[in-house]
Engineer: 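Next up is a structure, given as structure tokens.
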Amino acid sequence: MTKRIFRAIITVAMVVLLACLVLVMGVLYNYFTDVQLEQLRIETTLAGQGVTNEGESYFEGLDVRGYRITWIDQEGNVLYDTSMNPGDMENHLEREEVKEAIDVGFGESVRFSNTLMKRSVYSAQLLGDGTVIRVSDEQNSIIQLFFGMIQPLFFVIVAMLAIALFMASKVSKLVVAPLNNLDLDNPLENENVDELAPFMRRIHSQQRQLRIQEIELGKRKEEFEAVTKSMSEGLLLLNRDGDVLSINKAASEILGVSEFVAGKNILVVSRILEFRKIAQAALEGNIIERIIEINERDYQIDANPIYANDEISGAVVLFFDVTEKNQAEQMRREFTANVSHELKTPLHSISGCAELLLNDIVKPEDTKQFTGQIYTEAQRMMTLVNDIIYLSQLDEGALDMKRERINVYDVAKETVASLSAEAEKASVTLDLLCEPVCDNITDEYSINGIRRLVSSIVYNLTENAIKYNREGGSVSISVNVEYDDKTYEKYVVLTVSDTGIGIPPEHQARIFERFYRVDKSHSKEVGGTGLGLSIVKHAAKAHNAEISLSSVVGGGTSVEVRFPAGK
Ligand code: ADP
């Protein structure tokens, strides 16, 4: 800007300088011509007086100093000339200045002399004897004048050029200075810039517009971040080069990168090769839907390219945690296989016995044994089917079941009563402990829960304690109250201990799985389905209760269920 103004000023100064020069030269030339004519007039008068007084002798030894003096008679014949031989000269009667001098006594002219081939000024005067004296002088052309003045002109031009440069530099800076000092943050507060007022107003209104847009964008960004932050699914937005535009918390945790990775290239930052391949493919225009394992969890990744004006401008990647879904599917598959397997054995047995009876192959005295086996197997199937139905009910909606205040001690008492016959049959003593006196403190052992589920917990644990006991062994069921040391929350603790066969340590973690049994044949012998502890686990989970187990092979097992008492 400064340079352009500087150049413009210099150009204008040069043009003005040249114009002035031409003008001055013209004026000077005219002035010099006038001065020369004036001089010539004086010289003519002097020469006229000399010739009048002395005649032709006036010319003898005359120093003409560059002038040319011509003496002409009344007919125009040259009588004397200081530069040429009068005999060689033509008649001068028609010369403008001579004519004028004869007519009015004095004449002047400026013209190109054919005789001398130069521009000359002439002055002629009529003398008393009728002759005419003419004095002429060569006149410098304007170019000669210019070259004659070239030296002073050169100095003038150089000086003016220097002044112009200096002034141009000063003026350009002076013009630009207020522009540089403009306060563009507050355009309307600038003073002494009236010429820029429309621009300032425009800038002000555009700044206001920008601020409104900035606030709007900020709001949208906050909304977007609030939504994506609370999403349990991972969301990642990439530009066409793979740089992160936005990443939510879930996605950053899944990929193991910082939440503040925006602006960096995900293909460089992420260490998960398979994910990088998916992102790359999406950026190349492919729609990808794949499940990959990251940190021992399964994620379904949906990656889609984003188009703007038919060109790929980036990609959006969504991460869904499908670990539980996959596990549930896996469990369902295993469960179906197990159920079919468990049902097949009693059905085979029933079908085999029935076939023998049908074909009269069984001796009459053995008939009872066979029908008895059919009955036992059918009973086993019924128990199994009941357990399966119960478990699937728990799977579907234990949390929706009706909750009420339940006294765990009362439930335990009912269970002990219903299992006492079984315990007696197995020669196992059954004790219900409750310190100090349970019956009197009715609400002490109450929890907020589902009666049917609490009952199935106590029943299954006590039944197992009887089933996996030894002859003459004992089972003790206790219900106690405990308080958390830190939160002072109240817990009702149910403990079922036996003096039975115990569970080897390597099986302890798995006995709560469906159909898991330590000794399959022993379990079947005692009428087990392998589902009892799964039911206990589910029912405890519906009450947010914790289960802990301690067992010694040959020494007995103790299972503890800690119910939060609730309000
Ligand atoms: P089951 O119907 O076979 O008893 P459960 O799920 O109730 O199925 O128990 C799973 C397995 O855990 C049993 O088969 C048994 O091997 C073992 N078990 C459970 N309770 C006890 C216990 N009190 N003492 C010893 N083993 C036990």
Side-chain angles (χ1 to χ4, degrees), residues 331 334-335 337-339 341-346 376-395 398 412 415-416 418-419 422-423 425-433 453-478 494-542 545 547-561:
M331 265 173 69
E334 281 176 15
F335 187 66
N338 279 328
V339 168
H341 181 74
E342 292 292 332
L343 287 174
K344 225 160 74 186
T345 321
T376 316
E377 293 295 354
Q379 281 297 314
R380 190 201 298 280
M381 272 176 66
M382 266 171 66
T383 321
L384 187 66
V385 169
N386 280 340
D387 278 356
I388 291 168
I389 292 170
Y390 193 54
L391 250 183
S392 63
Q393 280 174 352
L394 281 181
D395 276 346
T415 312
V416 169
S418 70
L419 282 170
E422 203 171 315
K425 208 164 131 196
S427 311
V428 173
T429 53
L430 210 54
D431 295 309
L432 177 60
L433 310 171
L453 298 193
V454 177
S455 174
S456 67
I457 292 173
V458 187
Y459 189 93
N460 278 300
L461 291 179
T462 312
E463 195 190 28
N464 278 355
I466 298 168
K467 279 195 304 194
Y468 303 106
N469 219 313
R470 55 182 169 76
E471 225 181 304
S474 67
V475 174
S476 77
I477 303 152
S478 73
L494 166 83
T495 315
V496 180
S497 310
D498 64 60
T499 55
I501 58 173
I503 304 160
E506 66 273 22
H507 294 286
Q508 287 177 11
R510 299 198 59 191
I511 53 169
F512 291 92
E513 288 174 20
R514 293 173 188 196
F515 296 110
Y516 192 85
R517 285 173 277 211
V518 176
D519 181 347
K520 207 165 183 176
S521 56
H522 181 61
S523 163
K524 280 191 177 169
E525 215 173 275
V526 291
T529 60
L531 294 174
L533 288 182
S534 300
I535 292 171
V536 170
K537 188 173 125 184
H538 256 74
K541 197 174 160 198
I547 304 175
S548 51
L549 176 134
S550 65
S551 184
V552 178
V553 177
T557 304
S558 175
V559 184
E560 185 188 277
V561 185

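The basis for the numbers below is simple: all heavy atoms, side chains too, and nothing from hydrogens, waters or symmetry mates. Counting convention: from 1, in listed order, for ligands and their atoms alike. Everything numeric in this text was worked out from a predicted model, so none of it was measured.
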Engineer: Sequence neighbours excluded, which residues qualify as salt bridge (Lys or Arg N to Asp or Glu O under 4.0 Å) partners of Glu377?
Structural biologist: Arg380

Engineer: Closest approach of Leu394 and Ile535, non-hydrogen atoms and distance?
Structural biologist: CD1-O, 4.0 Å

Engineer: Any sub-3.5 Å donor-acceptor pair from Gln508's side-chain atoms to Ile503's backbone N or O?
Structural biologist: yes

Engineer: Dump all N/O pairs between ligand 1 and the protein below 3.5 Å as a table: atom names plus distance, one pair per row.
Structural biologist:
from: ligand 1; atom 1: 2 (O); to: Thr529; atom 2: N; distance (Å): 2.7
from: ligand 1; atom 1: 2 (O); to: Gly530; atom 2: N; distance (Å): 2.8
from: ligand 1; atom 1: 3 (O); to: Tyr468; atom 2: OH; distance (Å): 3.2
from: ligand 1; atom 1: 3 (O); to: Ser523; atom 2: OG; distance (Å): 2.6
from: ligand 1; atom 1: 3 (O); to: Gly530; atom 2: N; distance (Å): 3.3
from: ligand 1; atom 1: 4 (O); to: Asn464; atom 2: OD1; distance (Å): 3.3
from: ligand 1; atom 1: 4 (O); to: Lys467; atom 2: NZ; distance (Å): 3.3
from: ligand 1; atom 1: 4 (O); to: Tyr468; atom 2: OH; distance (Å): 2.7
from: ligand 1; atom 1: 6 (O); to: Gly532; atom 2: N; distance (Å): 3.4
from: ligand 1; atom 1: 6 (O); to: Leu533; atom 2: N; distance (Å): 2.8
from: ligand 1; atom 1: 7 (O); to: Asn464; atom 2: OD1; distance (Å): 3.3
from: ligand 1; atom 1: 7 (O); to: Asn464; atom 2: ND2; distance (Å): 2.8
from: ligand 1; atom 1: 7 (O); to: Leu533; atom 2: N; distance (Å): 3.3
from: ligand 1; atom 1: 8 (O); to: Gly530; atom 2: N; distance (Å): 3.3
from: ligand 1; atom 1: 14 (O); to: Tyr468; atom 2: OH; distance (Å): 3.3
from: ligand 1; atom 1: 16 (O); to: Val518; atom 2: N; distance (Å): 3.1
from: ligand 1; atom 1: 20 (N); to: Asn464; atom 2: ND2; distance (Å): 3.3
from: ligand 1; atom 1: 23 (N); to: Asp498; atom 2: OD2; distance (Å): 3.0
from: ligand 1; atom 1: 24 (N); to: Thr557; atom 2: OG1; distance (Å): 3.4

Engineer: State which residues pass salt bridge (Lys or Arg N to Asp or Glu O under 4.0 Å) with Glu334; sequence neighbours excluded, sorted by chain then number.
Structural biologist: none

Engineer: Could you pull out the closest heavy-atom pair between Ser497 and Thr495, with the gap in Å?
Structural biologist: OG-CG2, 3.8 Å

Engineer: Kindly write out the residues that satisfy salt bridge (Lys or Arg N to Asp or Glu O under 4.0 Å) with Arg470, not counting sequence neighbours, or none if the list is empty.
Structural biologist: none

